[in-house]
Amino acid sequence: MAELLNEHPDVEVRGGSSDPSRVELAGVYPVPFSWSDAMTWPAAVHGIDSLFIVRPDRPDAPELIAELLAVTSPHTHVVLLSEFDGGYFAEDDWAPRTERVVRDGGRTWTVLRPGWFMQVFTDTRFMLGDLVEHGRLAFPSGGQPVSWIDTRDIAAVAARALLDTGHEGSTYELTGPKALTLPRTAELLSAAVSRPVEHVELSMEEALAGSEGFARRNDEGAFDRIRLGLAKGVTDTVERVTGHPPRSMQEFIADHQSLTQNPAKVTPSGDTDRR
């Protein structure tokens with residue numbers, strides 16, 4: 001997204017990080033920002049026109065975002081990266097409460113609800129190691145397909161929402177162009193890693209092994225939505241907003257061929273979300 005914003009010479013891009021030295025993209029001005037240190041917030045958001053919030057996956061996210069908005073100009077447009085819902089959440093669940101803080105925050109807003117990221121297949125923290133080393137795509141799908149989305153398409157929608165008018169008050173459900181079963185996904189990934197890949201259906205307990213507390217509840221909800229068939233919907237939102245269709249799994253694999261064949265080259269971004 002920062003690369004897309006940098007294509008506009010009249011736009012100044014700030015990248016907030018708890019370690020500003022990690023903000024190395026040319027044209028992005030690094031600023032200290034940590035969800036755990038409210039003292040870093042005022043300077044980071046001072047004078048900005050638009051704010052892109054990657055929702056922190058922690059129990060106090062609604063309260064943190066509310067406090068951040070309190071030190072942000074009322075003229076700032078806020079774009080929140082949330083997650084797909086599909087009617088799964090109750091009104092007082094964590095994800096809707098986080099969105100509601102933005103909607104009720106007294107500023108114009110746009111909420112993005114993407115599905116599962118294709119990038120889980122090229123990230124060593126998620127599925128890449130198992131794909132390359134064992135030819136396994138271990139996932140609790142319940143036999144339901146998933147409309148995987150490339151995060152570059154999420155970024156393209158976010159950039160338009162940050163820069164253009166007409167997106168105020170919109171909640172965008174973002175998906176890839178087609179829902180794929182896990183066996184079909186494994187088949188496509190086989191070509192990428194140059195070995196047969198088999199989908200291994202996990203039970204919920206197997207998928208959540210080693211997870212606990214808030215993280216476990218969060219992951220359980222994400223897997224449960226897939227098993228209920230809520231992650232198979234396909235929308236035209238990416239094309240409507242950006243003017244180009246979302247990338248297919250085949251396009252994604254072609255663009256990341258060297259990473260899937262050489263996992264040591266993959267550098268984690270620091271964002272541990274996968275949907």
Side-chain angles (χ1 to χ4, degrees), residues 1-3 5 12-25 28-85 89 92-114 116-117 119-120 123 125-126 151 154-155 157-159 161-162 171-172 174 210-222 267-275:
M1 186 186 69
E3 291 174 346
L5 295 175
E12 177 185 308
V13 183
R14 297 180 191 170
S17 173
S18 58
D19 181 4
S21 67
R22 296 180 59 194
V23 182
E24 299 176 336
L25 186 65
V28 177
Y29 180 73
V31 294
F33 182 91
S34 170
W35 286 113
S36 300
D37 183 3
M39 297 296 291
T40 63
W41 302 353
V45 300
H46 177 72
I48 62 174
D49 300 299
S50 299
L51 173 65
F52 181 63
I53 299 178
V54 179
R55 180 197 63 188
D57 280 349
R58 43 190 282 183
D60 58 349
E63 292 77 20
L64 288 173
I65 292 174
E67 293 168 12
L68 173 64
L69 294 182
V71 298
T72 302
S73 166
H75 304 294
T76 299
H77 180 64
V78 180
V79 179
L80 173 70
L81 182 64
S82 186
E83 62 182 305
F84 79 97
D85 183 339
F89 294 115
D92 291 331
D93 283 346
W94 174 79
R97 285 195 295 113
T98 304
E99 293 183 3
R100 196 156 55 245
V101 164
V102 172
R103 292 194 180 97
D104 297 343
R107 294 152 185 79
T108 59
W109 55 267
T110 307
V111 172
L112 308 184
R113 290 179 174 174
W116 276 68
F117 305 163
Q119 275 71 11
V120 296
D123 194 318
R125 296 166 300 170
F126 299 118
T151 58
I154 303 171
V157 173
L162 289 166
T171 298
Y172 289 141
L174 306 178
S211 182
E212 59 184 21
F214 173 80
R216 182 183 178 91
R217 295 192 300 273
N218 207 24
D219 286 346
E220 184 175 13
T267 302
S269 66
D271 179 4
T272 57
D273 205 354
R274 52 190 169 196
R275 75 280 179 266

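Keep in mind that the numbers below use all heavy atoms, side chains included, and drop hydrogens, waters and symmetry copies.
The closest side-chain heavy-atom distance from L69 to W41 is not below 4.5 Å. With a 4.5 Å cut-off on side-chain heavy atoms, T76 and V45 do not count as touching. L64 has its side chain within reach of R58: a pair of non-hydrogen atoms, C-beta onward, lies under 4.5 Å apart. Residues L112 and F52 meet the side-chain proximity criterion, which asks for heavy atoms closer than 4.5 Å. Between W35 and D60 there is no side-chain heavy-atom pair separated by less than 4.5 Å. Between W94 and D57, some side-chain heavy-atom pair lies under the 4.5 Å cut-off.
The side-chain hydrogen bond (donor to acceptor under 3.5 Å, both in side chains) test applied to D93 returns no partner, not counting sequence neighbours. In terms of the side chain to side chain contact (heavy atoms under 4.5 Å, CB included) criterion, residue partners of D104 (sequence neighbours excluded) are, by chain and number, R100. Under the side chain to side chain contact (heavy atoms under 4.5 Å, CB included) criterion, E12 pairs with R14, not counting sequence neighbours. Partners of T171 according to the side-chain hydrogen bond (donor to acceptor under 3.5 Å, both in side chains) rule, which considers only residues two or more places apart in sequence or in another chain, are R103. Partners of R217 by side-chain hydrogen bond (donor to acceptor under 3.5 Å, both in side chains), not counting sequence neighbours: none found.
Taking both residues in full, the closest heavy atoms of A61 and P56 are given as CB-O, 3.2 Å, listed atom of the first, atom of the second, then distance. Heavy atoms only, all atoms of each residue included: D85 and R113 are closest at CB-NH1, 3.8 Å. Minimum interatomic distance between R55 and I65 (heavy atoms only, all atoms of both residues): CG-CD1, 4.4 Å. Nearest heavy atom pair, residue A215 against residue S211, reads C-OG, 3.6 Å. Taking every heavy atom of both residues into account, P20 and P30 meet most closely at O-CB, 3.5 Å. In terms of heavy-atom proximity, V23 sits nearest to G15 at CG2-O, 3.7 Å.
Checked by atom type, the side-chain pair H77/S50 shows no donor-acceptor distance below 3.5 Å. For S21 and D19, the side-chain atoms include at least one donor-acceptor pair closer than 3.5 Å.
For the atom pair OG1 of T98 and CZ of F89, the computed distance is 9.5 Å after rounding to the nearest 0.5 Å. Distance OG/S82 to CD/E99: 3.5 Å, rounded to 0.5 Å.
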Start with the C-alpha distance between L68 and L51, add both sets of side-chain angles, then the distance that settles side-chain contact (heavy atoms from CB on, under 4.5 Å), and finish with yes or no. CA-CA 11 Å; L68 173 64; L51 173 65; 4.1 Å; yes
Should N218 and E83 be marked as a side-chain contact (heavy atoms from CB on, under 4.5 Å) after you check the CA-CA gap, both sets of side-chain angles, and the distance that decides it? CA-CA 11 Å; N218 207 24; E83 62 182 305; 4.2 Å; yes
Please walk me through it: do L80 and W109 pass side-chain contact (heavy atoms from CB on, under 4.5 Å)? CA-CA 8 Å; L80 173 70; W109 55 267; over 6 Å; no
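Applying the salt bridge (charged side-chain N to carboxylate O under 4.0 Å, His left out) rule to pairs touching residues 34-51 yields nothing, sequence neighbours excluded.
The environment of Y29 atom OH is sparse: at most 12 non-hydrogen atoms of other residues, nucleotides or ligands sit within 6.0 angstrom. More than 12 heavy-atom neighbours from other residues, nucleotides or ligands sit within 6.0 angstrom of CD on E63.
Using a distance-only test at 3.5 Å, with no hydrogens or angles considered, no donor-acceptor pair links the side chain of S18 to the main chain of S34.
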